[in-house]
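Throughout, a chain's letter reflects where its sequence line sits, starting with A, and its residues are numbered from 1.
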Number of protein chains: 2
Amino acid sequence: MTDTNKPITIKTIAKELNISFSTVSKALNNNPAIKEETRKMVLDKANEMGYTPNSLAKGLRSNSTKTIAIIFNDIENPVLTYIFRTISIKMADHGYTTMIFDSQFSEKIERANILTVLSRQPDFIILEPTSMNPNNLQLLSEMSNRLILQGVRYETMNCHHVHVDYAHGGYLAACAMLSNGHRDCLVITEPLSFPTSEQFVLGIERAYSEYNVPFNRDMVKTTHSSITNGFQTMQKLWDYDTNAFSIPFTGVLTFDDTLAYGVYKAAMQYNFKIPEDISVIGFDDNPLSAFSMPPLTTIHLPKEKMAENYISILQSALLEGRTETRFFSSDPILIPRDSVCNLFRRNRRN
Amino acid sequence: MTDTNKPITIKTIAKELNISFSTVSKALNNNPAIKEETRKMVLDKANEMGYTPNSLAKGLRSNSTKTIAIIFNDIENPVLTYIFRTISIKMADHGYTTMIFDSQFSEKIERANILTVLSRQPDFIILEPTSMNPNNLQLLSEMSNRLILQGVRYETMNCHHVHVDYAHGGYLAACAMLSNGHRDCLVITEPLSFPTSEQFVLGIERAYSEYNVPFNRDMVKTTHSSITNGFQTMQKLWDYDTNAFSIPFTGVLTFDDTLAYGVYKAAMQYNFKIPEDISVIGFDDNPLSAFSMPPLTTIHLPKEKMAENYISILQSALLEGRTETRFFSSDPILIPRDSVCNLFRRNRRN
DNA sequence: TTGTAGGCGTTATCAA
DNA sequence: TTGATAACGCCTACAA
């Protein structure tokens, strides 16, 4: 009866019903100008034929794609997946689709991602910038009131912010080391061009200066997040002749828990003990970090609160049409577990 | 000079350059009919004006959106994020955008996801079905040659498959228990309507029958993946009067590592020891499972191979235009670590 | 080598 | 209450 293989559009339905396609469109959109009887007929037919509206045409015409685009730097980070999942589920209730992109800490990929995203005309963009370099950000200047920045504070850009105080996180982590008598700490983090990584180190330095302990920037090693990379960072420092690390340190501060497990792996390989020989503090609070051997002391990211902040911005802008931009900030907290050794107590015992 | 605020289209560029917009279009698409000089002029102008092509219009016109849609059931599962990330990065090189949706093991949400996805006209769909019920799947029958199913074997559907033998995984896990003398094992898994969960249990039953040990389906407890849910499943079985579990078992088989850590949590709470009192085997092989206390014996999902399978299908279909549907299957393997106790040895010692 | 016209599936405006 | 028509931004025959 109907054409096979051709996609079902409002025109197909109209032809089938011998009415005009504009009537079909109105019926489908619950336009009150349409007779109840006609609407029902159209709806039934649409159902029967398996009609799916074409979002592209809709978006092209109506200038709203009901899409939220997220650009993060490491989709495998469980905190980010949690946030993505929460936004995605919550906004789906209101007909929004969320798409996510991974810039892998690369400005070049970030640029490509922004261009892809822009070409898809999303209603809102969430971006975790790879750097403070405004080049890529400028691409988004036109839609600054439909933009949420994560992790950075961009005063010059009039857009929404969901900020987490990574400096405070680094500060807390360093304090936990220093208050336990650790002075020489290795720091394993993302390249410092990544804004939150820089904040992290800045926070560490603040703690050191408060404790009147000099901090040596050479102790900061940069790499990308993975167990392997964390391990390799340690490996490079290992001296196979002396069977010890080539530089002295008693603690390691990492930018996330994954890197911390790279240190754990090194401990297995090189037979040093955590925390007896080396103390470790992570960042993020991976749900599994409570079960590791030893349980990992880490900085907890308030992911629930962050997700709430996002939802709040998205709902007030998208659903209520409010236009003012908002700034949210939240603090990470220290979760003390068993990967930090108290050097004072240990030394007393010896 | 140019209008402010209005989006930049090929028409804007054409007007600016006093040429027709079709010339602009051709220049932008490297149509050889365009003079090199003109092309350069257009490209420069486009750049200068910050032109971004409108993917909606492109897709509407050309019937190809350069989009791959993925529908999984638990975006927070690291194996799935790994696969998503790999596909997303690899296909981005060829101009494809990957979007991911989470059905949360719900047929209803799955249906909504499929409809959303369909309305966005993706070039390919990857689906991990929530059930063997073909209702939702039928929505996709029109594009079966552009569909990849994960985790199920749908003989009647002529589409691509990336299959993992969960039954074999369950079998391996159960064998690891049985060969160590465990007969009474609890199973914590997703509802059995979820195809891979059913396969998992079927595999366990096969092992039991090979060992001539009766298997009691009452020992199968279903819930959704989370540490909390795994813990609560144990909690329900705990008898606070006797300070012991209300049913006897020496081992727990879980559908994923996250659930296994729910058992670990119960061990902390109720003061039993893993593996001395209760043995545990997980599934998935979370990267952190090597570092848990004790390291978790688990079934490793061949995620790298699965990702390769996906890439292979997508590339041959999308890039090379091949039309035959393909079936991939791979086997999980057992990763023995320290969460399983050998009962024979232990009993001998007593 | 460049320009004109038509159409992809919708929605919105206006006329019937 | 319904129908005809234009427009959203782009691509592609075909004409110039």
Side-chain angles (χ1 to χ4, degrees), chain A residues 3 5-43 45-46 49-67 95 115 118-123 142, chain B residues 3 5-43 45-46 49-67 95 115 118-123 142:
Chain A
D3 290 33
N5 235 343
K6 275 277 161 201
I8 317 282
T9 72
I10 49 174
K11 288 190 185 165
T12 330
I13 299 176
K15 208 170 287 169
E16 198 76 7
L17 252 30
N18 268 318
I19 57 179
S20 91
F21 70 87
S22 85
T23 305
V24 174
S25 169
K26 283 172 199 149
L28 253 19
N29 289 296
N30 295 319
N31 185 320
I34 298 295
K35 215 193 335 179
E36 193 48 48
E37 198 188 316
T38 318
R39 181 199 327 287
K40 192 161 178 353
M41 181 177 73
V42 170
L43 255 43
K45 198 55 160 185
M49 301 184 74
Y51 166 75
T52 335
N54 184 323
S55 293
L56 302 177
K58 262 192 151 97
L60 182 59
R61 177 60 237 233
S62 64
N63 237 333
S64 157
T65 52
K66 294 276 203 172
T67 302
L115 291 174
L118 243 23
S119 79
R120 289 175 184 264
Q121 322 282 124
D123 296 335
E142 297 285 310
Chain B
D3 290 32
N5 234 342
K6 275 277 162 201
I8 317 284
T9 73
I10 50 173
K11 285 190 189 164
T12 331
I13 300 176
K15 207 170 289 167
E16 198 76 8
L17 253 30
N18 269 317
I19 58 179
S20 94
F21 64 85
S22 90
T23 304
V24 175
S25 169
K26 284 172 200 152
L28 253 19
N29 288 296
N30 294 321
N31 186 319
I34 297 295
K35 215 193 332 180
E36 193 48 48
E37 198 188 316
T38 318
R39 182 200 325 288
K40 191 158 177 357
M41 180 177 74
V42 170
L43 255 43
K45 198 55 160 184
M49 300 184 76
Y51 166 74
T52 334
N54 184 324
S55 293
L56 303 176
K58 262 193 151 102
L60 183 59
R61 175 62 235 243
S62 64
N63 237 335
S64 157
T65 52
K66 295 279 204 170
T67 302
L115 291 174
L118 242 25
S119 79
R120 292 179 182 261
Q121 323 282 123
D123 295 336
E142 297 285 311

message = At a heavy-atom distance below 4.0 Å, what parts of residues 57-64 of chain B sit against DNA chain D?
response = B:A57, B:K58, B:R61

request  = Could you walk me through whether A:L17 and A:T23 pass side chain to side chain contact (heavy atoms under 4.5 Å, CB included), step by step?
outcome  = CA-CA 11 Å; A:L17 252 30; A:T23 305; over 6 Å; no

query = Taking atom C1' of D:dG9 as reference, at what distance in whole Å does atom CG of A:N54 sit?
reply = 14 Å

message = Measure CG/B:L17 against P/C:dT2 and give the value in whole Å, please.
response = 11 Å

task = State, to the nearest 10°, the angle formed by the axis through the first five base pairs of the helix from C:dT1-D:dA16 to C:dA16-D:dT1 and the axis through its last five.
result = 50°

message = Expressed as a whole number of angstroms, how long is the span from A:E36:CD to D:dT1:P?
response = 10 Å

ask   = D:dG9 P sits how many Å from A:Q121 CD, rounded?
value = 9 Å

B:E37 bridged to B:K40 by N-O distance under 4.0 Å = no

ask   = Once you round it to whole Å, what is the distance between C1' of D:dA4 and CD1 of A:I10?
value = 13 Å

message = What is the distance, to the nearest angstrom, from the NZ atom on A:K6 to the C1' atom on C:dG7?
response = 11 Å

message = Just the rounded figure in Å: distance from P of D:dC8 to CZ of A:R120.
response = 22 Å

query = Going by heavy atoms closer than 4.0 Å, what residues in residues 18-32 of chain A are next to DNA chain D?
reply = A:I19, A:S20, A:F21, A:S22, A:T23, A:K26

message = Taking the minimum atom-to-atom distance to the side chain of B:K11, which one of D:dC8, C:dT1, D:dT2 wins?
response = D:dC8

request  = Please state how far atom NZ in B:K40 lies from atom P in C:dT1, giving the value in whole angstrom units.
outcome  = 18 Å

